[in-house]
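One structure is given here, and the rest of the page talks about it.
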Amino acid sequence: MHAAVLSWYAANARELPWRAPDRTPWGVLVSEIMLQQTPVVRVQPVWHEWLRRWPRPADLAAEAPGEAIRAWGRLGYPRRALRLHAAATAIVERHDGAVPATYDELIELPGIGDYTAAAVASFAFGARHPVLDTNVRRVLARAVAGTQYPPTAPTAAERRRAEELLPDEQTAPTWAVAVMELGALICTAKTPRCGTCPIATVCAWRLAGSPPDDGPPRRGQPWHGTDRQARGRLLAVLRESTDPVPKHQLDTAWPESIQRERALDALVADGLVEPLDGDLFRLPTTTAN
DNA sequence: GATCCGTGGGC
DNA sequence: TGCCCAAGGAT
């Protein structure tokens, strides 16, 4: 299975800037945060702008956190921008401005969990570490476990599987990115392209006749009318303005007042919005808390 | 462990 | 047309 996946990757890998030979660990870290729950096509232009503007962690750390939120644009989940700014600050304070190379150091940074720590250690520093993202989990669920989808949350069995499949340190990072790419391009969630899959002949799910998922139905999250939508509307107004925005202008962004106030309070509590005297609001100029 | 947290494209 | 999904993390 390894040889088939690795040769497929060598022939089919997308050319992405965070995979280029001249990439930096910082560029890899920024890409991993941006790619959390956000498709590659939307990340690319923003990534270029960030790396042009803030080529090193210290460059971002020197900015107001609100600038990170503004430059985040419409990637979604803007808390990621805030945490990336906090991570840059921590990198300057704890690591002399250099992105740390080990999983244990990386996972201590804000906004970096198991996946991102493993991915940065692996892709930026060549470490041997299981990288369990949604793509890898789906590929292993099908190819090895024989199920259409992985469990809702990563399990010990999945980790053991990923560990067992991990090749030597020389190959581990390429293996990780290759399986991810296979999941992204071929072994997709909805309509897998089994006809062009390099491991279709050994895929347990395929060999079992591609049985449908027998787990509980995966529930989609509601959107219209939610606090999340309201927060998005409010923050969009603030991103558009470099000047403080009067509250009555925010009121036009969401019609329902109770929910609007709750969302605005939550944004302030999260440190994404800074309240000023005189019913004015803006993106944060200083770190909250 | 369940919830919450944005956004937009594809089918 | 909605619904599903996209390199998760924090609480």
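Convention: sequence-line order gives letters A, B, ...; per-chain numbering from 1.
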If you define the side chain from C-beta out and look only at heavy atoms, does anything of A/R19 sit under 4.5 Å from A/F123? no

So if I define the base as every atom that isn't primed, P, OP1 or OP2, how would nucleotides 5-11 of chain B read as a B/S/- string at a heavy-atom cutoff under 4.0 Å? BBBB---

Does A/W50 reach the main-chain N or O of A/L60 with its side chain, forming a donor-acceptor pair under 3.5 Å? no

Does CD in A/Q170 sit with more than 12 non-hydrogen atoms of other residues, nucleotides or ligands closer than 6.0 Å? no

Just one of A/L106, A/I107, A/V120 clears the side-chain contact (heavy atoms from CB on, under 4.5 Å) bar with A/P100, so which one? A/L106

When the C1' atoms of C/dG8 and B/dG1 are considered, how many whole Å apart are they? 16 Å

Who are the side chain to side chain donor-acceptor pair (under 3.5 Å) partners of A/Y9, not counting sequence neighbours? none

Work out how far the P atom of C/dT11 is from that of B/dG6, and round it to whole angstrom. 14 Å

If you compare every side-chain N and O of A/R138 against the phosphate oxygens of C/dA6 (OP1, OP2), does one of them come in below 4.0 Å? yes

Those residues at least two apart in sequence (or on a different chain) that pass side chain to side chain donor-acceptor pair (under 3.5 Å) with A/D279 are none

From OH of A/Y103 across to P of C/dG8 the rounded distance in Å is 15 Å

Indicate yes or no for a side-chain donor-acceptor contact from A/T38 to the backbone of A/L35 under 3.5 Å, with no hydrogens or angles considered. no

Gap in Å between the two P atoms, one belonging to B/dT3 and one to C/dA7, rounded: 23 Å

DNA chain C contacts made by residues 157-188 of chain A, counting heavy atoms under 4.0 Å: A/M180, A/A184

May I have the distance from A/E32 (atom CD) to C/dG9 (atom C1'), rounded to whole angstrom? 14 Å

Can a donor-acceptor pair be found between the side chains of A/Q36 and A/Y115 at a distance below 3.5 Å? no

Taking everything shown except A/D168 itself, do over 12 heavy atoms lie less than 6.0 Å from its CG? yes

With no hydrogens and no angle check, is any side-chain donor or acceptor of A/R161 less than 3.5 Å from a backbone partner on A/V144? no

Any side-chain N or O of A/T152 under 4.0 Å from OP1/OP2 of B/dG1? no

Just the rounded figure in Å: distance from C1' of B/dC4 to CZ of A/R83. 11 Å

How many Å lie between CG on A/D213 and P on C/dC4, as a whole number? 13 Å

Test ring-ring contact (aromatic ring centres under 6.0 Å, His included) applied to A/W8 - qualifying residues, sequence neighbours left out: none

Looking at every strand, decide which applies to A/L29 at a 4.0 Å heavy-atom threshold: base, sugar-phosphate, or nothing. nothing

Comparing A/Y149 and A/I107 on DNA chain C - which has the more 5′ nearest nucleotide: A/Y149

Can a donor-acceptor pair be found, under 3.5 Å and without considering hydrogens, that links the side chain of A/R80 to the backbone of A/I33? yes

Whole-Å distance separating the CH2 atom of A/W72 from the C1' atom of C/dG8: 11 Å

For DNA chain C, find the residues of residues 252-264 of chain A with a heavy-atom distance under 4.0 Å and give them by number; none if there aren't any. none

So A/A189, base contact, sugar-phosphate only, or nothing? Heavy-atom distance under 4.0 Å. sugar-phosphate

